[in-house]
Amino acid sequence: MNERMPSYGGQAVIEGVLMRGKHIVAMANRAPNNEIVVTHEELTGLYSSPLTKVPFLRGLIGLWDALGLGVRYLTLSANIQTGDDEKIEGPALFFTVIFSLVLGIGIFFLLPALISGLLLKFFEISTWAANLIEGVLRLFLLIVYLWGIGKMPDIQRVFMYHGAEHKTINAFEGGVELTPEKVSTFSLQHPRCGTSFILTLVVLSILLFSLFGPLPLHWRLLSRLLMIPVLAGIAYEYIKLMSKHIDKPFVKLLIKPNLALQNMSTREPSKEMLEVAIKAFTTMYALESEFETKQNAPS
């Protein structure tokens with residue numbers, strides 16, 4: 001990929017795809033009447049602030065993007081499918097986002113730390129062994145979670161849209177015309193995928209927490225919470241660096257686990273799903289170009 005090319009990102013939602021640029025986010029959904037509904041908005045200044053140029057700190061923006069913005073649009077996509085009578089908005093939407101964040105952190109970070117802390121307290125094992133068990137358990141929970149939800153028919157469709165998102169971005173970066181026929185020939189895998197980010201974060205947590213000394217249980221849990229931003233920053237920089245050197249054999253070897261895990265979170269999309277992903281991307285891209293043209297126009 002040309003290093004000067006903007007790094008666009010995306011996410012699968014319910015019956016649709018979200019695409020994000022530097023200034024604009026756009027979502028396209030296949031509504032119950034089979035029409036493609038497009039939603040878009042200008043991103044806050046956070047995404048174009050000086051923080052996006054500061055190594056490691058910019059990873060925090062990526063974390064918020066994946067958790068905050070992503071969950072909000074996932075909920076909005078559900079509203080399109082259910083209609084006004086069952087729409088989630090206002091305080092309900094806010095608490096849905098907060099609950100999702102707390103649940104994710106609780107299951108994948110605090111629960112393994114709690115279990116390993118109890119093992120350390122009641123059994124004669126070393127701190128290093130307890131920390132290693134914690135990391136392995138965290139990785140196990142991630143894999144089991146992806147495997148388990150991948151068996152659900154509704155989630156399988158989300159994974160198909162995830163595949164459509166990857167194929168569309170790969171096709172754009174490959175410089176081809178964005179039509180369903182041409183986009184369908186591209187890979188389901190992408191080095192900057194959120195699944196890769198999460199796996200990298202989990203593996204880094206194994207390496208980092210294995211260095212921690214003995215801590216009381218409450219400090220053990222608190223340390224895991226406090227280290228999430230640090231891990232996110234490191235994981236972001238790792239993914240970004242690897243994606244810039246994707247053609248090098250050593251890098252291809254390093255990212256194999258990340259790409260392999262994506263086989264659990266993607267499925268081959270249908271032509272109709274590719275149409276939705278392409279609509280989301282082309283809408284975002286057009287609005288992004290329009291925004292930058294206005295921004296660079298002489299006053």
Side-chain angles (χ1 to χ4, degrees), residues 55-72 74 94-152 155 193-239 241-242 254-265:
F56 301 105
L57 285 179
R58 57 192 173 190
L60 300 181
I61 298 176
L63 182 62
W64 169 251
D65 181 37
L67 297 177
L69 187 73
V71 171
R72 181 163 67 87
L74 187 64
F94 172 78
F95 285 112
T96 298
V97 172
I98 296 300
F99 176 76
S100 300
L101 295 178
V102 171
L103 185 64
I105 291 173
I107 291 175
F108 295 110
F109 271 86
L110 296 185
L111 180 60
L114 176 62
I115 292 174
S116 63
L118 293 175
L119 289 174
L120 186 63
K121 182 177 181 180
F122 294 108
F123 296 91
E124 293 184 1
I125 61 174
S126 67
T127 302
W128 181 87
N131 291 340
L132 182 61
I133 290 171
E134 174 189 343
V136 172
L137 180 57
R138 185 172 291 117
L139 181 60
F140 174 76
L141 287 174
L142 174 62
I143 294 173
V144 169
Y145 172 77
L146 288 175
W147 175 83
I149 65 172
K151 298 294 184 181
M152 302 166 61
I155 300 300
C193 173
T195 305
S196 296
F197 176 85
I198 294 172
L199 177 60
T200 301
L201 191 149
V202 168
V203 172
L204 286 172
S205 75
I206 297 176
L207 299 175
L208 182 61
F209 294 150
S210 66
L211 302 176
F212 280 32
L215 293 170
L217 186 58
H218 65 283
W219 281 115
R220 185 182 189 88
L221 297 176
L222 182 60
S223 69
R224 274 42 176 180
L225 284 177
L226 295 177
M227 290 305 295
I228 290 177
V230 176
L231 290 168
I234 299 173
Y236 180 90
E237 297 304 323
Y238 175 84
I239 295 294
L241 179 64
M242 294 299 103
L254 280 178
I255 67 171
K256 269 190 174 182
N258 285 347
L259 298 182
L261 191 64
Q262 290 178 37
N263 292 329
M264 299 183 69
S265 65

How long is the gap from CH2 on Trp147 to CE on Met264, to the nearest 0.5 Å?
8.5 Å

From CA spacing to verdict: side chain to side chain contact (heavy atoms under 4.5 Å, CB included), Leu139, Leu199:
CA-CA 8 Å; Leu139 181 60; Leu199 177 60; 3.5 Å; yes

Just so I know, are the side chains of Asn258 and Thr195 near enough to count as touching, which here means a heavy-atom distance under 4.5 Å?
no

Nearest atoms (heavy-atom pairs only) where Ile125 meets Ala130
CD1-CB, 3.9 Å

Shortest non-hydrogen contact between Pro112 and Leu137, atoms and distance
CA-CD2, 3.7 Å

Heavy atoms, side chains only, cut-off 4.5 Å: are Tyr236 and Phe197 in contact?
yes

Does the structure place the NZ or CZ of Arg224 under 6.0 Å from the centre of the six-membered ring of Phe209, at an angle of no more than 45° from the ring's axis?
yes

So which heavy atom on Leu211 is nearest to which on Leu207, and how close?
CG-O, 3.6 Å

Side chains of Leu241 and Tyr238 in contact at under 4.5 Å (non-hydrogen atoms)
no

Shortest non-hydrogen contact from Ser265 to Leu146?
CB-CD2, 4.4 Å

Quick one, Met227 and Leu208 - any side-chain contact, counting heavy atoms below 4.5 Å?
yes

Do Ile228 and Phe108 come within less than 4.5 Å of each other through their side chains, counting heavy atoms only?
no

If I take atom CD1 from residue Ile105 and atom CG from residue Leu110, how far apart are they, to the nearest 0.5 angstrom?
7.5 Å

Please evaluate residues Leu142 and Leu261 with respect to the criterion side chain to side chain contact (heavy atoms under 4.5 Å, CB included), reporting the C-alpha separation (whole Å), side-chain torsions for both, the decisive distance (0.1 Å), and the verdict.
CA-CA 10 Å; Leu142 174 62; Leu261 191 64; 4.1 Å; yes

List the steps and the verdict of side-chain hydrogen bond (donor to acceptor under 3.5 Å, both in side chains) for Ser116 and Arg220.
CA-CA 10 Å; Ser116 63; Arg220 185 182 189 88; 3.0 Å; yes

At their closest point, which heavy atom of Ala113 faces which heavy atom of Arg138, and how far apart are they?
N-NH2, 4.3 Å

Of all the heavy-atom pairs spanning Phe109 and Leu201, show the shortest one and how long it is.
CZ-CD2, 3.0 Å

As an exercise, state the distance from CG of Leu221 to CG of Leu114, rounded to the nearest 0.5 Å.
6.0 Å

d(Leu141 CG, Leu111 CG) to nearest 0.5 Å is 6.0 Å

Can you find a pair of side-chain heavy atoms, one from Leu118 and one from Leu217, that are under 4.5 Å apart?
yes

Whether over 12 other heavy atoms sit under 6.0 Å from Tyr145 OH:
no

Derivation and outcome, side chain to side chain contact (heavy atoms under 4.5 Å, CB included), residues Trp219 and Leu222
CA-CA 5 Å; Trp219 281 115; Leu222 182 60; 3.3 Å; yes

